[in-house]
Asks: 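Can you read through this structure? Questions will come right after.
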Amino acid sequence: MSFVCPSWLSFILYNPVRKLLTDRGRILDESGVTTDSVVLEAGAGNGFLTEVLVRRARKIIAVELQEGMVRKLKKRVPPQPGKVEIVKGDISLSPVEESIADVCILYYSFHEVRNREASASNICRILKKGGFISIYEPTLEVGEKAMKETVSMFEDLGCALELSRDGLLTRFARLRKAS
């Protein structure tokens, strides 16, 4: 299990340097997010990605476990009926409606999940057939083998790997749920 960033340290997740170095538009593009997309953001944190999702996606369902992060997320991106739904809870147990999301984005979060198998299963339940799962993980915390294990977990649930790459700071994989 790796380090889970507590809410009092969330400034490291949302700061001017990270904003400058991260092409959040590219993340949305390669994740398949369109203006018609319903996006499940599992591990939304303090809203680093959520604030750009709200400008592109039709609806965002942001799931976050930590109460402190939820408070920060609500300040950055207030809940908006029909547009932004913020769910405080564990993604493995989240009661989000079945087959509602077109895209699930796991941005630097899946390696922190306690029950990865149950979480992957629940994500696949929430995702529509033909929908995308985009996984971004930090190379410093998630090795090549661990990333392959994550991808295999989703493949075992009926998803197919479409894209992957290892960069200097980020490992990325995009899978599509079978139709």
Side-chain angles (χ1 to χ4, degrees), residues 1-33 37-80 83-96 100-116 118-120 122-123 126-127 132-142 146-147 150 153-154 167-175:
M1 173 105 102
S2 62
F3 173 74
V4 175
C5 184
S7 62
W8 60 269
L9 252 184
S10 71
F11 65 88
I12 67 173
L13 302 176
Y14 191 97
N15 64 67
V17 174
R18 189 174 192 205
K19 284 177 75 172
L20 183 67
L21 295 176
T22 304
D23 185 347
R24 295 182 288 175
R26 177 183 178 194
I27 291 167
L28 302 189
D29 291 342
E30 66 191 3
S31 296
V33 177
S37 296
V38 173
V39 178
L40 171 66
E41 184 185 12
N46 62 4
F48 179 76
L49 198 57
T50 318
E51 76 176 2
V52 295
L53 277 167
V54 78
R55 293 187 291 243
R56 177 159 332 162
R58 179 170 53 93
K59 181 176 181 178
I60 299 98
I61 303 164
V63 178
E64 175 54 47
L65 180 63
Q66 298 182 66
E67 183 62 44
M69 289 290 196
V70 170
R71 282 192 305 275
K72 291 171 189 253
L73 176 61
K74 286 180 178 179
K75 285 181 184 175
R76 182 156 290 118
V77 183
Q80 302 167 38
K83 178 74 173 177
V84 178
E85 179 183 345
I86 297 173
V87 179
K88 193 236 175 256
D90 185 329
I91 188 59
S92 70
L93 304 169
S94 183
V96 174
I100 191 172
D102 301 293
V103 177
C104 173
I105 298 179
L106 300 160
Y107 187 74
Y108 278 50
S109 62
F110 200 69
H111 67 283
E112 296 181 349
V113 169
R114 285 192 186 109
N115 190 338
R116 293 163 35 96
S119 297
N122 200 35
I123 288 166
I126 296 166
L127 197 66
F132 296 112
I133 301 168
S134 285
I135 307 163
Y136 296 84
E137 293 287 28
T139 56
L140 291 174
E141 294 183 67
V142 179
M147 187 67 167
T150 296
M153 190 180 313
F154 283 100
L168 180 63
L169 300 174
T170 303
R171 296 186 197 286
F172 164 70
R174 185 180 81 193
L175 299 97

Asks: Give, for atom CZ of R114 and atom CD1 of I91, the distance between the pair rounded to the nearest 0.5 Å.
Replies: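 CD1 of I91 is found 14.5 Å from CZ of R114.
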
Asks: Between R116 and T150, do the side chains contain an N or O donor and an N or O acceptor separated by less than 3.5 Å?
Replies: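 Yes, side-chain donor-acceptor contact under 3.5 Å.
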
Asks: Between A101 and L127, what is the shortest heavy-atom contact and its length?
Replies: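 Looking at all heavy atoms of both residues, the closest pair is O-CD1, 3.4 Å.
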
Asks: Donor-acceptor pair, distance only, cut-off 3.5 Å: does the side chain of R171 make one with the backbone of V142?
Replies: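 Side chain of R171 to backbone of V142, a donor-acceptor pair under 3.5 Å: yes, one is there.
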
Asks: In sequence, state the C-alpha distance, the side-chain angles, and the governing distance for I61 and I100, and then conclude on side chain to side chain contact (heavy atoms under 4.5 Å, CB included).
Replies: CA-CA 10 Å; I61 303 164; I100 191 172; 4.0 Å; yes

Asks: Is the backbone of N46 close enough, under 3.5 Å, to the side chain of K75 for a donor and an acceptor to pair up by distance?
Replies: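 Absent.
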
Asks: Closest approach of P138 and H111, non-hydrogen atoms and distance?
Replies: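 The answer is CD-CE1, 3.6 Å.
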
Asks: Is the backbone of L168 close enough, under 3.5 Å, to the side chain of T139 for a donor and an acceptor to pair up by distance?
Replies: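 Such a contact is found between T139 side chain and L168 backbone.
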
Asks: Would a 4.5 Å heavy-atom cut-off, applied to side chains only, mark I123 and L106 as touching?
Replies: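 Yes, close enough: below the 4.5 Å cut-off.
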
Asks: Could you tell me which non-hydrogen atom of D90 sits nearest to which non-hydrogen atom of S119, and how far apart they are?
Replies: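 Nearest heavy atoms, D90 then S119: OD1-OG, 4.3 Å.
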
Asks: For the residue pair R58 and K83, what are the closest heavy atoms and their distance?
Replies: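 Reported closest heavy-atom pair: O-CD, 3.2 Å.
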
Asks: Does one side chain, of S109 or Y136, offer a donor that lies under 3.5 Å from an acceptor on the other?
Replies: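 S109 vs Y136: no donor-acceptor pair found between side chains.
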
Asks: Which residue in the set I135, T22, L53 passes side chain to side chain contact (heavy atoms under 4.5 Å, CB included) when paired with Y107?
Replies: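 Exactly one pass, corresponding to T22.
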
Asks: Salt-bridge test for D29 and R56: reply yes if a basic N is under 4.0 Å from a carboxylate O, no otherwise.
Replies: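 Judged by the 4.0 Å cut-off on N to carboxylate O distance, D29 and R56 do form a salt bridge.
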
Asks: Passes side chain to side chain contact (heavy atoms under 4.5 Å, CB included), I105 versus V33? Steps please.
Replies: CA-CA 10 Å; I105 298 179; V33 177; 4.0 Å; yes

Asks: Check for a donor-acceptor pair, side chain of K72 on one end and backbone N or O of G45 on the other, with a separation under 3.5 Å.
Replies: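 Between the backbone of G45 and the side chain of K72 there is no qualifying donor-acceptor contact (under 3.5 Å).
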
Asks: Please check this pair: side chain of R76 against backbone of F48, looking for a donor-acceptor N/O pair closer than 3.5 Å.
Replies: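 It does not hold such a pair.
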
Asks: V70 and I86: which non-hydrogen atoms are nearest, and at how many Å?
Replies: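 Minimum heavy-atom contact is CG1-CG2, 4.1 Å.
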
Asks: Start with the C-alpha gap between S134 and F172, add the side-chain angles, then the distance that decides, and say whether side chain to side chain contact (heavy atoms under 4.5 Å, CB included) holds.
Replies: CA-CA 7 Å; S134 285; F172 164 70; 4.0 Å; yes

Asks: Using a 4.5 Å cut-off on heavy atoms from C-beta on, say whether the side chain of S94 contacts that of N122.
Replies: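 When only atoms from C-beta onward are counted, S94 and N122 do touch, with a gap below 4.5 Å.
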
Asks: Taking E64 for its side chain and Q66 for its backbone only, find out whether a donor-acceptor pair lies under 3.5 Å.
Replies: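 Between the backbone of Q66 and the side chain of E64 there is a qualifying donor-acceptor contact (under 3.5 Å).
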
Asks: Going through the distances and angles, do F154 and F110 end up as a ring-ring contact (aromatic ring centres under 6.0 Å, His included)?
Replies: CA-CA 12 Å; F154 283 100; F110 200 69; 5.5 Å; yes

Asks: Begin from the C-alpha positions of L49 and R24 and carry the test side chain to side chain contact (heavy atoms under 4.5 Å, CB included) through to its verdict.
Replies: CA-CA 7 Å; L49 198 57; R24 295 182 288 175; 4.2 Å; yes

Asks: Which heavy atom of A62 sits nearest a heavy atom of L73, and at what distance?
Replies: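 That would be CB-CD2, 4.0 Å.
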
Asks: Identify the residue among L28, V103, I60 that makes a side chain to side chain contact (heavy atoms under 4.5 Å, CB included) with S37.
Replies: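 By the side chain to side chain contact (heavy atoms under 4.5 Å, CB included) criterion, S37 pairs with just one of L28, V103, I60: V103.
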
Asks: Would you check, one step at a time, whether the test salt bridge (Lys or Arg N to Asp or Glu O under 4.0 Å) holds for E85 with K59?
Replies: CA-CA 8 Å; E85 179 183 345; K59 181 176 181 178; 3.5 Å; yes

